[in-house]
Amino acid sequence: MITLKTDAEIAKIRICGRLVADTLQMIERHVRPGISTLELNDICHDYTLANAAIPAPLNYKGFPKSICTSINDVICHGIPTDKETLQDGDIINIDITSILDGFHADSSKTFIVGKRATAEAEAITNCARECLYRGIETVRAGSYVGDIGAAIEKHAHKHSFSVVRDFVGHGIGRIFHEEPMIPHYGRRGKGVRLVEGMVFTIEPMINAGSWKSQILDDGWTAVTIDGRLSAQFEHTIAIAADGHVEILTDAG
Ligand code: MF3
Ligand code: CO
Ligand code: CO
């Protein structure tokens with residue numbers, strides 16, 4: 001069942017989305033060689049609470065921390081730890097979901113650490129960002145979920161990268177992950193038809209090698225099967241009652 005949102009509900013998700021965007025902007029200056037992913041977690045956790053919000057990942061289906069930190073070959077759901085510090089040349093995705101006034105907003109960015117990134121690290125990070133916006137550009141009342149994935153796949157393949165199939169975007173609102181699922185692959189004109197009131201994420205994960213993933217023994221961390229790089233960007237998108245399409249997780 002797809003829960004359509006009123007403009008009043010979208011307004012609440014927009015307020016939460018602004019906080020999520022601010023959190024990502026705030027954490028960027030801490031993304032430096034030597035900082036641990038646990039320190040990044042704690043800074044975001046404190047910032048979220050200070051803004052009267054709740055970090056959605058904490059204890060979600062047993063997830064132990066407040067944000068996801070996914071470095072290099074980690075596709076998504078990396079768990080912050082004091083054992084892991086950022087190295088010059090790493091790429092790290094920081095994924096923030098907050099709950100404010102009962103509504104979720106979800107966004108992530110991949111950051112390049114320091115000054116020594118490889119050309120491939122730069123290229124995959126740029127491609128993943130472009131894939132997100134190519135997907136968003138297809139969204140309108142009357143378009144199809146398959147249009148989003150088709151646009152993303154086309155752009156990733158043009159750069160000889162692959163698209164992860166094991167994790168998808170999702171409807172969002174009072175519930176973190178709800179229908180519809182938004183695959184980042186697909187065919188134009190296929191899948192659910194988009195209508196006014198839908199709010200969902202688009203969050204393409206782009207791999208340098210194989211699209212296949214595997215989960216580490218911690219039960220969460222998803223990594224590429226070949227050890228090659230993966231990058232991701234995510235926004236929460238709404239289609240308002242008048243058909244206006246808006247990114248709810250943009251910093252104003
Ligand atoms: N924020 C992630 C997403 O984009 C989900 C994280 S679930 C967690 O959907 F439990 F790992 F936090
Ligand atoms: Co999401
Ligand atoms: Co997310």
Side-chain angles (χ1 to χ4, degrees), residues 2-3 5 13 16-25 27 37-38 40-42 44-45 47-48 53-71 74-81 84 91-100 103-111 128-129 131-133 135-136 139 145 148-149 152 163-185 198-206 213-223 230-238 247-251:
I2 298 176
T3 308
K5 278 80 185 177
I13 303 172
C16 188
R18 179 64 192 264
L19 173 62
V20 169
D22 289 346
T23 310
L24 279 167
Q25 199 169 71
I27 202 63
T37 50
L38 185 64
L40 295 171
N41 177 83
D42 292 352
C44 291
H45 177 93
Y47 187 87
T48 302
I54 299 164
L58 188 58
N59 301 321
Y60 177 76
K61 297 185 177 175
F63 191 81
K65 295 293 173 192
S66 298
I67 65 171
C68 299
T69 50
S70 303
I71 299 176
V74 179
I75 296 171
C76 63
H77 302 165
I79 303 172
T81 164
E84 179 181 58
I91 59 172
I92 179 175
N93 175 277
I94 300 182
D95 193 333
I96 309 275
T97 312
S98 297
I99 312 169
L100 190 60
F103 285 87
H104 295 71
D106 186 4
S107 183
S108 82
K109 281 184 178 177
T110 297
F111 300 102
R129 186 189 306 102
C131 282
L132 169 58
Y133 286 95
I136 292 170
V139 174
V145 165
I148 300 170
I152 289 168
V163 176
V164 171
R165 303 175 84 96
D166 299 335
F167 301 93
V168 297
H170 49 92
I172 185 166
R174 288 194 181 275
I175 297 171
F176 193 165
H177 296 103
E178 58 181 45
E179 289 181 29
M181 293 204 305
I182 310 288
H184 305 105
Y185 56 89
M198 284 185 178
V199 179
F200 54 85
T201 74
I202 304 178
E203 48 182 297
M205 288 142 275
I206 305 301
S213 67
Q214 110 192 46
I215 308 286
L216 300 186
D217 288 340
D218 61 24
W220 282 103
T221 310
V223 299
S230 184
Q232 179 181 25
F233 286 79
E234 173 176 27
H235 272 312
T236 297
I237 312 295
I247 298 173
L248 298 178
T249 41
D250 253 345

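The chain is numbered in sequence order, starting from 1. Counting starts at 1 for both ligands and their atoms, following the listed order.
We find that K65 and E84 are not joined by a salt bridge, their nearest charged nitrogen and carboxylate oxygen being 4.0 Å or further apart.
Within the coordination shell of the Co ion (ligand 2), defined by N, O or S atoms under 2.8 Å, H177 is absent.
In this structure, CD1 on I237 lies 6.5 Å from CG on L132, to the nearest 0.5 angstrom.
Here the side chains of F176 and K61 are not in contact, with every heavy-atom distance at 4.5 Å or above.
E203 contributes OE2 as its N, O or S atom closest to the Co ion (ligand 2). Looking only at its N/O/S atoms, E234 has OE2 as the one nearest to the Co ion (ligand 2). Distances from the Co ion (ligand 3) to each N, O or S atom of D106 single out OD1 as the nearest.
Here Y60 and H104 keep their ring centres 6.0 angstrom or further from each other.
Under the 30°/60° scheme for interplanar angles, the aromatic rings of W220 and H77 are found to stand perpendicular. In this pair, H235 and Y133 present their aromatic rings perpendicular. The plane angle is above 60°, beyond the 30 to 60° band.
In the model, E203 has no side-chain atom that pairs as donor or acceptor with a side-chain atom of H184 under 3.5 Å.
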One line per pair, note the atom names and distance for all nitrogen or oxygen contacts under 3.5 Å between ligand 1 and the protein.
unit_1	atom_1	unit_2	atom_2	d
ligand 1	1 (N)	D95	OD1	3.1
ligand 1	1 (N)	D95	OD2	3.2
ligand 1	1 (N)	T97	OG1	3.3
ligand 1	1 (N)	D106	OD1	3.2
ligand 1	4 (O)	D95	OD2	3.2
ligand 1	4 (O)	D106	OD2	3.1
ligand 1	4 (O)	E203	OE1	2.7
ligand 1	4 (O)	E203	OE2	3.2
ligand 1	4 (O)	E234	OE1	2.9
ligand 1	4 (O)	E234	OE2	3.1
ligand 1	9 (O)	D106	OD2	3.3
ligand 1	9 (O)	H170	NE2	3.1
ligand 1	9 (O)	H177	NE2	2.7

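In terms of heavy atoms, I92 sits closest to T69 at CD1-CB, 4.0 Å.
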